[in-house]
Student: 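Quick one: the structure is below, questions incoming.
All of these numbers come straight from a predicted model, not from anything done at the bench.
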Amino acid sequence: MTAYLIYQADVLDQERYDQYRAAAGPAVEAGGGTYLVRGGEVDVLEGDPPLGRTVVVAFESMEAARQWYDGEQYQQAKALRNGAVRANAYIVDGVD
């Protein structure tokens with residue numbers, strides 16, 4: 001079942017975040033992920049708007065998403081953004 005990584009980040013240091021983005025894209029591709037949302041305009045219908053950027057990445061399964069997240073290539077990319085963002089990230093199962 002397809003799983004989706006949802007990532008929201010309030011960027012505090014744009015230069016360091018740009019370095020992260022340059023490394024994260026290839027890591028997502030290598031991990032079998034497909035970007036569905038990568039930033040973009042938000043139209044808030046209810047509640048509070050998300051902080052900063054929202055990213056949604058589709059993976060083959062929850063296990064595949066977790067393997068990508070825990071993998072060395074993404075962890076190296078993630079280290080580039082330490083201290084540059086306040087972020088929330090989670091994986092959710094899609095529907096059949």
Student: Taking all non-hydrogen atoms of both residues into account, name the closest pair between P50 and Q8 and its distance.
Tutor: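 Minimum heavy-atom contact is CB-NE2, 3.1 Å.
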
Student: Taking everything shown except E29 itself, do over 12 heavy atoms lie less than 6.0 Å from its CD?
Tutor: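 Not more than 12 within 6.0 Å, no.
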
Student: Mind checking who shares a hydrophobic cluster with Y20, ILVMFWY linked at side-chain heavy-atom distances under 4.5 Å?
Tutor: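 Joined to Y20, directly or through intermediates: L5, Y7, V11, Y17, V28, Y35, V55, V57, F59, M62, W68, Y69, Y74, L80, V85, I91.
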
Student: Is it the case that atom CD in E60 sees more than 12 heavy atoms from other parts of the structure closer than 6.0 Å?
Tutor: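 Check fails, neighbour count at 12 or below.
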
Student: A77 and A24: which non-hydrogen atoms are nearest, and at how many Å?
Tutor: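 The answer is CB-N, 3.9 Å.
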
Student: What are the two closest heavy atoms between R38 and R21, and how far apart are they?
Tutor: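 That would be NH2-O, 3.4 Å.
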
Student: With a 6.0 Å cut-off (strictly less than), is the heavy-atom count around CD of Q14, excluding the residue itself, greater than 12?
Tutor: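 Counting other residues, nucleotides and ligands, CD of Q14 exceeds 12 neighbours.
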
Student: Nearest 0.5 angstrom please: D93 CG to T2 OG1, how far?
Tutor: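 If I round to the nearest 0.5 Å, the distance is 9.0 Å.
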
Student: Group every Ile, Leu, Val, Met, Phe, Trp and Tyr by side-chain heavy-atom contacts under 4.5 Å, then state whether V56 and V42 land in the same group.
Tutor: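 Cluster IDs for V56 and V42 differ.
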
Student: Out of curiosity, does L36 fall in the hydrophobic cluster containing Y90 (side-chain heavy atoms, cut-off under 4.5 Å, transitive links)?
Tutor: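 Same hydrophobic cluster.
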
Student: Looking only at non-hydrogen atoms, find the nearest pair between Q73 and A30 and report the distance.
Tutor: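 Result for this residue pair: OE1-CB, 3.3 Å.
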
